[in-house]
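Structure first, then comments.
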Amino acid sequence: MSFAKASVRDAEVAGRRVLVRADFNVPLDGGKVTDDTRIRAALPTLELLRERGAALILCSHLGRPKGKAVPELSLRPVAERLSGLLGTEVRLAPSVIGGDVELLARALGPGEVLLLENTRFEAGETENDPKLAEALAELADLYVNDAFGAAHRAHASTEGVAHHLQGYAGLLLERELSELGQVVNSPKRPLVVVLGGAKVSDKIGVIDRFLEIADQILIGGAMCFSFFRAQGIATGNSLVEEEGIKLAEEALKRAEESHCELRLPVDLTLGREFAADTERQESDGVEVPDGWMGLDVGPRTAESYAEAIAAAGTVLWNGPMGAFELAPFAAGTRRVAEAVAAAPGTTVIGGGDSVAALVQFGLGDQVDWLSTGGGASLELLEGKKLPGVEALLDKDAVDKEASHG
Ligand code: ADP
Ligand code: MG
């Protein structure tokens with residue numbers, strides 16, 4: 001399957017005002033951006049547009065202000081950081097829409113950059129209010145969506161606005177779709193999918209899809225306890241998602257009929273409680289005694305998962321193997337991260353915490369693709385359509401236009 005949406009590279013932008021939806025939902029501390037990965041990820045699209053003589057009107061959400069202007073969630077720190085990264089002034093608008101914003105937008109010259117305030121200061125953003133979408137559209141001549149991390153949401157700035165302006169895919173959005181699409185559509189084999197994290201219910205859609213596509217699924221994290229409960233194995237005080245037990249049971253059944261091998265941990269690292277200074281022990285099997293909880297996969301599991309990863313043509317990893325934030329329980333996640341970093345196959349990582357773990361271990365630059373979208377990457381991998389992508393122009397539409405003109 002080829003990527004069928006129109007690319008920003010094919011847009012006529014010289015002398016035009018372009019509304020760019022980016023994902024600037026970055027962590028802040030005391031009015032400063034503490035991790036600018038997402039801002040940097042938007043730079044290729046912004047630089048391309050400036051080089052081609054577009055005037056840029058940028059927008060993004062930040063946190064959850066719930067439809068009100070919340071000063072702590074202003075995009076001012078983003079404007080400052082972006083200004084430094086682009087090497088040009090990035091002016092912050094006083095609000096998302098309104099007369100003052102229109103004047104600022106109209107006054108922009110080629111290469112100049114205006115950042116609108118946090119789109120979620122407007123209640124209409126998450127409600128996908130057509131009035132807000134129209135007001136945003138009025139600011140510009142065309143629309144570029146580069147906010148992969150928000151593309152699974154049908155909001156005014158991610159979806160609604162594309163009903164009023166011709167919409168193109170930004171370079172980051174395109175790259176995300178092609179990297180994640182490749183894993184699903186034409187993976188080098190064997191395809192090994194490593195899934196961990198807290199809940200089965202978050203990842204069951206991905207498990208189902210990959211039981212049909214992958215060669216192996218390796219399960220770790222707290223979600224393995226739902227599988228163990230489904231098998232009648234004691235889990236002690238481990239974190240178990242009750243709703244996940246049924247889902248796990250069904251997945252185990254489907255796995256029996258699938259050619260894909262669904263693997264569970266064979267040993268665990270246990271603690272008394274969720275704390276770094278808790279009493280710790282390795283368990284030989286996977287039964288968790290009363291008074292203990294499983295906080296990481298054990299060393300034999302980590303080693304055999306690492307071997308599968310080393311032998312893979314493609315590795316997709318989503319979700320840590322244990323409570324990696326607690327140093328005594330980070331070993332399983334670290335072993336998997338090291339194996340992924342060293343793997344000769346194609347390696348694609350999705351999920352906020354798995355990406356954070358890789359970066360924490362200093363291995364972030366040793367994989368092929370780190371997805372910027374947690375929820376969006378899961379939905380895409382599940383095979384769902386992303387509203388922020390669907391609303392963009394089809395590639396054919398642009399080709400036709402070009403051949404007529
Ligand atoms: P991602 O963001 O990569 O998709 P998740 O959000 O699904 O990952 O899960 C990450 C969380 O899961 C981490 O906070 C981690 O502490 C927790 N976790 C993983 N394994 C365990 C475990 N055995 N017990 C408790 N929490 C766990
Ligand atoms: Mg997470």
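When a residue number appears, it is its place in the shown sequence, counting from 1. All ligand and atom numbering here is 1-based and tracks the order in the structure.
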Provide, to 0.1 Å, the distance between [atom] and the closest protein heavy atom, together with that atom's residue and name.
| atom | result |
| --- | --- |
| atom 6 (O) of ligand 1 | Asp353 OD2, 3.0 Å |
| atom 14 (O) of ligand 1 | Glu325 OE2, 2.5 Å |
| atom 8 (O) of ligand 1 | Pro320 CD, 3.4 Å |
| atom 26 (N) of ligand 1 | Phe274 CE1, 3.8 Å |

Checklist entry - Under 4.0 Å from ligand 1, counting heavy atoms only, is it the side chain of Phe225, its backbone, both or neither? => result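 Answer for Phe225: side chain.
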Checklist entry - Which is the closest N/O/S atom of Asp353 when seen from the Mg ion (ligand 2)? => result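 Nearest to the Mg ion (ligand 2) within Asp353's N, O and S set: OD2.
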Within a distance under 4.0 Å of any heavy atom of [X], pick out the atoms of ligand 1 and give their elements.
| X | value |
| --- | --- |
| Leu295 | 23 (N), 24 (N) |
| Asn318 | 4 (O) |
| Gly322 | 15 (C), 18 (N), 19 (C), 20 (N), 21 (C) |
| Gly319 | 3 (O), 8 (O) |
| Gly294 | 22 (C), 23 (N), 24 (N) |
| Ala323 | 16 (O), 19 (C), 20 (N), 21 (C) |

Item to check | Reference residue Asp208; test salt bridge (Lys or Arg N to Asp or Glu O under 4.0 Å); the match among Lys384, Arg254, Lys253, Lys203 | outcome: Arg254
Item to check | Test item: side-chain donor near acceptor, Ser371 and Glu179, under 3.5 Å | outcome: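 Looking only at side-chain atoms, Glu179 and Ser371 do not form any donor-acceptor pair under 3.5 Å.
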Checklist entry - Given Ser354, Ala222, Gly220, which has its nearest heavy atom closest to atom 20 (N) of ligand 1? => result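 Considering heavy atoms of Ser354, Ala222, Gly220, the nearest to atom 20 (N) of ligand 1 sits in Ala222.
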Item to check | Shortest reach to atom 11 (C) of ligand 1 by a heavy atom, considering only Ala198, Ala330, Gly221 | outcome: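 Minimum heavy-atom distance to atom 11 (C) of ligand 1 goes to Ala198.
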Checklist entry - Does atom CZ of Arg300 have more than 12 heavy-atom neighbours from other groups under 6.0 Å away? => result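 Result for CZ/Arg300: enclosed.
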Checklist entry - Taking Glu117 for the side chain and Leu75 for the main chain, is one N or O donor matched with an acceptor at less than 3.5 Å? => result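 Side chain of Glu117 to backbone of Leu75: a pair is present.
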Are [X] and [Y] close enough for a salt bridge, meaning some N to O gap below 4.0 Å?
| X | Y | value |
| --- | --- | --- |
| Glu125 | Arg21 | yes |
| Arg229 | Glu242 | yes |
| Arg272 | Glu279 | yes |

Checklist entry - Does at least one non-hydrogen atom of Lys203 fall below 4.0 angstrom from an atom of ligand 1? => result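 Judged by the 4.0 Å heavy-atom criterion, Lys203 does count as contacting ligand 1.
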Item to check | Close side-chain approach of Pro328 to Thr269, heavy-atom, < 4.5 Å | outcome: no
Item to check | Option passing side-chain contact (heavy atoms from CB on, under 4.5 Å) with Val96 (candidates Leu139, Leu136, Asn118) | outcome: Leu136
